[in-house]
Amino acid sequence: MVVNEGSCPLGLWHVHVVWSGDVVMQVCFLRTPAAERAPRAFIRYCAGETDALREFRTPATDGDTVYARIYRVVQAIPAGQTRSYGEVAAMVGTSPRVVGNAMRSNPTPLVVPCHRVVAKGGIGGFSPSVDLKRALLALEGVRV
DNA sequence: TAAAAACCGCGGG
DNA sequence: CCCGCGGTTTTTA
């Protein structure tokens, strides 16, 4: 199994991707680019084609752990829409804090669009920066 | 190891 | 502002 690594620019950040075929193992945001390029679909996403990442799978959604169920629910949120931590929690049968925990340790942001999960009365948190969360939502035409 | 405490990207009172 | 929430991580023994 050949594993690739590459990045593409997104505003002040670079989206770093580790993938193999249509399976994305890791996504992270860094200030510096990688030597190779990320898959075409990521470049299209960054250009505003917000549905471009739906072709990918992620191991994060495998299994029947609470986190895997949360990631499946979040992956199903369409671009341009948001859900609150509490809404996701209700769908999975857990508490909002746990959804926040799962989002924080999401190994594949964008593929599992954790930026579409917001607080009921605000934007909620994001690592590495809530500004980036705002930028992603703006890219998808969401106003917060 | 195993048990306890701490930690939170929240929400409702 | 405070407290309950619950899965995970860290600490403690």
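Quick caveat, the model's predicted, so the values are computed rather than measured. Residue numbers start from 1 in every chain, and the chains themselves are labelled A, B, ... in the order their sequence lines are given, proteins ahead of strands.
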Kindly list each side-chain donor-acceptor pair under 3.5 angstrom involving residues 3-26 of chain A, sequence neighbours excluded, with atom names and distances?
| unit_1 | atom_1 | unit_2 | atom_2 | d |
| --- | --- | --- | --- | --- |
| A:Ser7 | OG | A:Ala34 | N | 2.8 |
| A:His16 | NE2 | A:Thr32 | O | 2.5 |
| A:Ser20 | OG | A:Val2 | O | 2.9 |

Opening and closing nucleotides of DNA chain C in contact with chain A, under 4.0 Å to non-hydrogen atoms: C:dG4 to C:dT8
Contact residues, residues 136-144 of chain A to DNA chain C [heavy atom, < 4.0 Å]: none
Residue pairs involving residues 36-64 of chain A (criterion ring pair (Phe, Tyr, Trp, His ring centres under 6.0 Å); sequence neighbours excluded): A:Phe42-A:Phe56
Sugar-phosphate only, base, or nothing, as touched by A:Ser84 at under 4.0 Å among non-hydrogen atoms: sugar-phosphate
Cluster check A:Ile77, A:Val142: I/L/V/M/F/W/Y, side chain < 4.5 angstrom: no
Interface residues of residues 66-83 of chain A with DNA chain C (non-hydrogen, below 4.0 angstrom): A:Val66, A:Tyr67
Pair listing, side-chain hydrogen bond (donor to acceptor under 3.5 Å, both in side chains) test, anchored in residues 119-137 of chain A, at least two apart: A:Tyr85-A:Lys133, A:Asp131-A:Arg134
Cluster overlap A:Ile123 with A:Leu110, hydrophobic side-chain contacts below 4.5 Å: no
Distance (rounded to the nearest 0.5 Å) between A:Met91 CE and A:Ile70 CD1: 11.0 Å
Interface with DNA chain C, restricted to residues 100-126 of chain A and to heavy atoms under 4.0 Å: A:Asn101
Under 3.5 Å: donor-acceptor pair, side chain of A:Ser105, backbone of A:Asn101: yes
Worked check of side-chain contact (heavy atoms from CB on, under 4.5 Å) between A:Met103 and A:Tyr71: CA-CA 8 Å; A:Met103 296 305 95; A:Tyr71 292 140; 3.9 Å; yes
Donor-acceptor under 3.5 Å (A:Arg69 side chain, A:Asp64 main chain): yes
Under the side-chain hydrogen bond (donor to acceptor under 3.5 Å, both in side chains) test, residues paired with A:Arg116 that sit two or more places apart: A:Glu140
Start and end of chain A contact along DNA chain B [non-hydrogen atoms, under 4.0 Å]: B:dC8 to B:dG12
Nucleotide-level pairing of DNA chain C, given in dot-bracket where Watson-Crick and G-U pairs need both distances under 3.5 Å and | marks other strands: ||||.||||||||
Point-to-point distance, once rounded to the nearest 0.5 Å, from CD of A:Gln81 to CG of A:Leu137: 12.0 Å
Ion pair A:Arg44/A:Glu55, N-O distance below 4.0 Å: yes
Touch class at under 4.0 angstrom, heavy-atom based, for A:Thr94 against every strand present: sugar-phosphate
Pairwise distance CG(A:Leu53) to OG1(A:Thr58) - rounded to 0.5 angstrom: 11.5 Å
A:Phe126 and A:Phe29 aromatic ring geometry - parallel, tilted or perpendicular at 30°/60° bounds: tilted
Any residue meeting side-chain hydrogen bond (donor to acceptor under 3.5 Å, both in side chains) with A:Arg54, in chain and number order, not counting sequence neighbours: none
All side-chain hydrogen bond (donor to acceptor under 3.5 Å, both in side chains) counterparts of A:Arg37, not counting sequence neighbours: none
Separation of A:Glu49 CD from A:Arg40 CZ (nearest 0.5 Å): 13.5 Å
